[in-house]
2 protein chains.
Amino acid sequence: MGDFRLRVFYVVAREGSFSRAAAELHLSQPAVSLQIKALEEEYGQRLLDRTARGARLTAAGERLYRQARRILQLYQEIEAELLSPPALSGELRLAASSTLANYLLPAVLAGFQSEWPKVRLVLASGNTRQVAQWVREQAVPLGFVEGPCALPGLKVQRLAQDELVVVRGRRFAALRTPFSVGDFLSLPMVMREPGSGTREALEAALRAAVPGKLPQVAMQLGSTEAVKTAVELGIGLAAVSRWSVEKELRLGTLLAVEVQGLALRRQLFTLYPQGPAPGGVAGQFLAFLRRALRAQRLARTGV
Amino acid sequence: MGDFRLRVFYVVAREGSFSRAAAELHLSQPAVSLQIKALEEEYGQRLLDRTARGARLTAAGERLYRQARRILQLYQEIEAELLSPPALSGELRLAASSTLANYLLPAVLAGFQSEWPKVRLVLASGNTRQVAQWVREQAVPLGFVEGPCALPGLKVQRLAQDELVVVRGRRFAALRTPFSVGDFLSLPMVMREPGSGTREALEAALRAAVPGKLPQVAMQLGSTEAVKTAVELGIGLAAVSRWSVEKELRLGTLLAVEVQGLALRRQLFTLYPQGPAPGGVAGQFLAFLRRALRAQRLARTGV
DNA sequence: CCGTCCAATGAGGAGATCTTATGGGCGATT
DNA sequence: AATCGCCCATAAGATCTCCTCATTGGACGG
């Protein structure tokens with residue numbers, strides 16, 4: 001990705017506006033201000049003239065801008081050279097636990113596929129323990145899971161953040177909003193089976209908020225799709241990954257419910273066998289995935 | 001300074017060794033390992049082959065190395081263009097409190113002078129309050145102080161870290177080393193006058209460690225040079241900036257004493273009038289100073 | 001086979017950077 | 001002329017990155 005600070009400057013200069021640049025870079029406007037300020041302090045001179053209608057380059061800024069373009073171009077060349085090695089091909093076997101396999105990875109796989117059409121992709125899904133096992137046995141070079149997972153011979157690395165969102169059906173009576181954790185615990189829940197990453201994350205968050213209390217499980221189902229349907233039918237509430245209910249939230253068949261004081265975030269991890277980070281196709285895929293996740297932070301849809 | 005991560009890679013590649021690169025960059029060896037690892041993960045491939053006797057570039061690493069050289073050269077061009085604007089000239093008036101004015105700034109002023117011979121430099125020294133006053137009245141565009149300092153209309157910015165070191169004369173009986181804070185408090189001290197940045201820093205550190213107790217002042221003197229002389233003569237101990245006793249420590253006329261549990265670090269600040277950071281000659285000087293400080297972190301001599 | 005050198009790993013902490021919330025200034029609008 | 005709106009600066013707080021210290025693991029050379 002190269003030199004972030006320089007990229008920020010470049011975009012601000014090109015757009016002639018701090019806030020437009022912030023939007024384009026998926027940053028807040030103050031963050032952009034700070035980056036520019038740091039750059040100006042590094043060089044000891046004003047690079048941009050702030051006006052009421054945006055920003056214009058100073059003479060020094062003009063000089064920097066010209067060089068910045070050249071540098072950023074070189075970074076692009078690097079990406080082109082390093083990320084498109086001589087026609088990657090072969091088979092890439094991956095393993096992922098349910099939410100990742102169903103909602104996050106498919107889009108990424110599609111993008112990867114279109115960039116390297118010669119690679120045959122195979123995605124297995126299983127629970128966290130299975131995925132870890134497969135990776136440790138080297139059945140797959142790379143695995144993705146939704147919960148903490150430590151096994152000897154296994155390297156675990158944080159990949160992204162996922163946000164769980166509590167949803168209700170349209171007709172499910174909304175108490176006063178926002179809910180307290182207490183309200184929440186008094187309502188019937190639809191849940192996945194114990195051991196599912198989503199369920200464990202919810203229970204961990206509840207333990208942290210109100211030790212010793214567990215939610216009332218009105219119904220237990222084996223897949224997120226089934227859970228969503230049950231919630232749509234008004235059986236109860238559920239906590240699911242924001243990724244899995246994007247469409248339903250847009251359609252309005254499910255409604256997000258805010259529960260105060262409940263930190264429903266969890267980490268997503270990537271697994272690979274102990275030793276150096278995977279290279280070859282697997283390495284390329286991981287790098288591709290990381291770039292996709294970074295780009296996707298735009299959507300503010302978790303991550 | 002450009003893209004630090006790329007520079008680290010470049011040096012490792014050129015040196016063929018993580019640890020030699022670490023030494024050259026004034027970093028620890030693990031820090032270099034982590035930078036390289038991050039780069040390798042970003043591109044999804046191994047860039048360096050680790051051997052028992054160092055590291056060699058892989059094919060991908062070679063490609064990156066070539067581009068890295070070009071990019072780093074462009075950064076140098078930027079510095080050359082932006083940091084040498086059309087023959088800076090005129091007068092630069094600065095103000096600094098005692099330790100800075102006596103021990104840190106002179107070398108930096110000399111360097112700046114030789115880079116911009118046309119600039120006439122004037123350095124005033126005074127205590128923290130005076131310096132702040134001068135800056136606020138715009139008598140100088142830039143001031144440097146050794147202690148916290150908040151005044152309306154004044155912008156304060158952390159500049160560097162300074163380490164105070166406790167010293168004793170050769171013949172001063174050393175108790176068992178290392179000292180405890182209690183031992184330390186029972187010994188006679190040579191000190192600057194109250195209000196001096198050094199003294200305030202020492203007293204603040206003691207307050208933090210042993211509330212309510214103050215050191216025994218055997219002698220109070222008006223300058224650091226006088227303090228040093230008194231300590232050399234065995235009057236007592238003193239806490240002084242490491243910068244001010246570099247020579248004496250090397251000569252062995254003063255000896256550093258470790259006092260356990262006493263955090264004798266303080267921050268150095270730069271002051272300028274509220275508003276945009278100073279530009280022109282003052283801005284250039286500040287940028288020059290920051291680069292000098294960064295480079296000097298090599299000496300491990302505080303900063 | 002052991003000593004030595006080099007890089008990797010883990011724990012802990014300091015610093016950098018982002019976010020939200022808020023203020024101030026200039027132009028445009030009425 | 002006063003007000004509204006847009007844009008950038010600042011402040012406070014939280015997070016996360018990155019560095020250092022200490023230690024482990026591996027390979028080469030004696």
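Given the structure is predicted, the values throughout are model-derived calculations rather than measurements. Labels below follow one simple rule: chain letters A, B, ... track the order of the sequence lines, proteins then strands, and each chain is numbered from 1.
- Regarding B:L159, its CG atom lies at a distance of 13 Å from the P atom of C:dG15, rounded to whole Å.
- By the 30° and 60° cut-offs, the orientation of the rings of A:Y65 relative to A:F9 is perpendicular.
- Between B:R53 and the phosphate of D:dG29, there is a side-chain N or O to OP1/OP2 separation shorter than 4.0 Å.
- Using a cut-off of 4.0 Å between Lys/Arg side-chain N and Asp/Glu carboxylate O, B:D162 and B:R266 are scored as salt-bridged.
- Judged by distance alone, the side chains of B:T270 and B:Q157 never bring a donor and an acceptor atom under 3.5 Å apart.
- Neither side chain, B:T58 nor B:E62, offers a donor N or O lying under 3.5 Å from an acceptor on the other.
- Residue-to-nucleotide proximity on DNA chain C shows that, of A:P30 and B:R158, the 5′-proximal contact is made by B:R158.
- Atoms CZ (A:R294) and P (C:dC18) sit 12 Å apart, rounded to a whole Å.
- Put simply, A:R50 has a side-chain N or O that comes within less than 4.0 Å of OP1 or OP2 on D:dA9.
- With rounding to whole Å, B:L48 atom CG is found 10 Å from C:dA7 atom P.
- When each of B:V32 and B:A52 is assigned the nucleotide of DNA chain D with its nearest heavy atom, B:V32 is the one assigned upstream, toward the 5' end.
- Ring geometry for A:F285 versus A:F144: interplanar angle over 60°, hence perpendicular rather than tilted (30 to 60°).
- Here C:dT9 presents its P atom at 13 Å from CG of A:L154, a figure rounded to the nearest Å.
- When the side-chain nitrogen and oxygen atoms of B:S33 are compared with OP1 and OP2 of C:dA8, one or more of them lie within a distance under 4.0 Å.
- Taking only side-chain nitrogens and oxygens, A:Q161 never comes nearer than 4.0 Å to OP1 or OP2 of D:dT15.
- Taking atom CG of residue A:L39 and atom P of nucleotide C:dA16, one finds them 16 Å apart after rounding to whole Å.
- Here D:dG13 presents its P atom at 16 Å from CG of A:L34, a figure rounded to the nearest Å.
- Comparing atom distances between the A:A31 side chain and each of C:dG10, C:dT19, C:dA14 picks out C:dT19 as nearest.
- Across all strands shown, B:S19 has heavy atoms under 4.0 Å from sugar-phosphate atoms exclusively, and none from any base.
- Heavy-atom nearest nucleotides on DNA chain D were determined for B:R5 and for A:G16, and the one closer to the 5' end corresponds to A:G16.
- Atom P of nucleotide C:dA14 and atom CG of B:L27 are separated by 18 Å, given to the nearest angstrom.
- When rounded to the nearest whole Å, the span between CD of B:Q35 and P of D:dC18 equals 7 Å.
- Distances shorter than 4.0 Å separate some side-chain N or O of B:K37 from OP1 or OP2 on C:dT9.
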